[in-house]
Amino acid sequence: MVNQRKKMWTYIFGIGLSVNVLALGFFGFNEFQHRPFPGGPQLKNVIADELQFDEKQRTIYAGYVKNHQDQSAEIRKEIADAKKAYYQFENQNPQALQLLTATYGKLDSLNYAHFRDIRGLCKGPQIKAFDRLVEQILTSSNFGFMGGRSGR
């Protein structure tokens with residue numbers, strides 16, 4: 001009887017672990033797609049298409065995107081490590097929340113600089129179109145902030 005219970009708990013644990021791994025994989029995959037609007041195209045394509053970048057702008061923009069993706073991947077790893085340190089229930093780490101918050105701040109600073117660089121690439125009417133697009137991106141649920149402007 002005891003062996004059957006041990007086997008049952010092993011199966012339950014294995015199933016629970018599998019479900020968690022699948023859920024994390026799903027959320028991680030969606031995050032790395034950089035899709036600002038659920039089910040939509042990748043953010044890098046939305047920006048280039050909406051702003052109607054010419055070939056020279058697209059080439060420069062592709063460099064910006066590559067650089068941003070490389071830097072943000074490093075910061076996202078730091079966020080994952082900080083979350084692991086914070087969510088230690090047996091060994092609480094009071095500084096972990098500060099580290100997690102600071103790391104998210106680094107990511108937001110990187111995103112701000114990236115958007116600033118893209119805006120600098122825009123010409124004429126592209127600037128206003130970019131400002132409208134950024135507002136849409138920032139208020140999309142996948143970008144980490146939900147809500148629109150009040151007074152709409």
Side-chain angles (χ1 to χ4, degrees), residues 12-89 91-152:
I12 290 171
F13 178 77
I15 291 169
L17 182 64
S18 298
V19 168
N20 281 321
V21 168
L22 286 173
L24 288 173
F26 173 76
F27 291 122
F29 178 76
N30 280 341
E31 178 66 24
F32 290 126
Q33 291 299 312
H34 301 287
R35 295 180 191 277
F37 313 108
Q42 289 189 356
L43 179 56
K44 65 182 181 179
N45 297 333
V46 169
I47 291 174
D49 293 343
E50 287 288 321
L51 300 178
Q52 300 175 355
F53 280 159
D54 61 29
E55 286 307 311
K56 182 179 178 185
Q57 286 174 311
R58 284 182 187 268
T59 301
I60 295 168
Y61 175 65
Y64 289 167
V65 168
K66 170 88 172 84
N67 186 38
H68 180 262
Q69 288 175 343
D70 292 344
Q71 290 177 348
S72 67
E74 292 175 24
I75 295 173
R76 288 178 197 281
K77 184 183 179 322
E78 290 177 31
I79 288 171
D81 293 342
K83 281 185 178 185
K84 286 178 189 174
Y86 180 63
Y87 285 96
Q88 294 295 316
F89 298 110
N91 303 318
Q92 291 189 1
N93 183 349
Q95 294 82 25
L97 181 59
Q98 292 172 344
L99 176 63
L100 182 58
T101 304
T103 309
Y104 271 113
K106 284 174 58 175
L107 183 60
D108 275 329
S109 293
L110 178 68
N111 289 338
Y112 176 82
H114 178 62
F115 285 145
R116 184 195 60 223
D117 290 345
I118 295 170
R119 190 176 193 274
L121 188 59
C122 295
K123 302 173 191 169
Q126 290 176 328
I127 294 171
K128 285 188 180 191
F130 177 77
D131 291 344
R132 284 190 304 272
L133 186 58
V134 166
E135 184 177 334
Q136 284 181 303
I137 293 167
L138 293 177
T139 57
S140 72
S141 63
N142 200 27
F143 199 76
F145 172 80
M146 290 190 63
R149 286 186 353 207
S150 58
R152 270 193 190 184

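- Here the side chain of Gln88 pairs a donor or acceptor atom with the backbone of Lys84 at under 3.5 angstrom.
- Side chain of Gln57 to main chain of Leu121: a donor-acceptor pair is present (N/O by atom type, distance under 3.5 Å, no hydrogens or angles).
- The minimum heavy-atom distance between Gln126 and Leu51, with the atom names listed, is NE2-O, 2.7 Å.
- Phe53 approaches Arg58 most closely through the heavy-atom pair O-NE, 3.2 Å.
- Listed here is the closest heavy atom pair of Asn93 and Ala85: CB-O, 3.8 Å.
- Aromatic ring pairs are classed by plane angle as parallel below 30°, tilted from 30° to 60° and perpendicular above 60°; the pair His68 and His114 is parallel.
- The CG atom of Asp81 lies 11.0 Å from the CG atom of Leu100; values are rounded to the nearest 0.5 Å.
- Residue Phe115 comes nearest to Phe130 through the heavy atom pair O-CZ, 3.3 Å, listed as atom of the first residue, atom of the second, then distance.
- Between the NZ atom of Lys128 and the CZ atom of Arg119 there is a distance of 10.5 Å, given to the nearest 0.5 Å.
- Atom CG of Leu110 sits about 8.0 Å away from atom CG of Asn67, to the nearest 0.5 Å.
- The shortest heavy-atom contact between Asp117 and Tyr64 is O-CE1, 3.5 Å.
- To the nearest 0.5 Å, atom CG of residue Asn111 and atom CD1 of residue Ile75 are 8.0 Å apart.
- Ile79 contributes atom CD1, which lies 12.0 Å from atom NZ of Lys77 (distance to the nearest 0.5 angstrom).
- Remark: side-chain polar atoms of Tyr86 are not paired, donor with acceptor, to backbone N or O of Leu99 under 3.5 angstrom.
- When the shell of 6.0 Å around CD of Glu55 is examined, it contains 12 or fewer heavy atoms from other residues, nucleotides or ligands.
- Between Asp54 and Lys123 the shortest side-chain heavy-atom distance falls below 4.5 Å.
- The distance from atom CD of Gln71 to atom CG of Leu107, rounded to the nearest 0.5 Å, is 11.0 Å.
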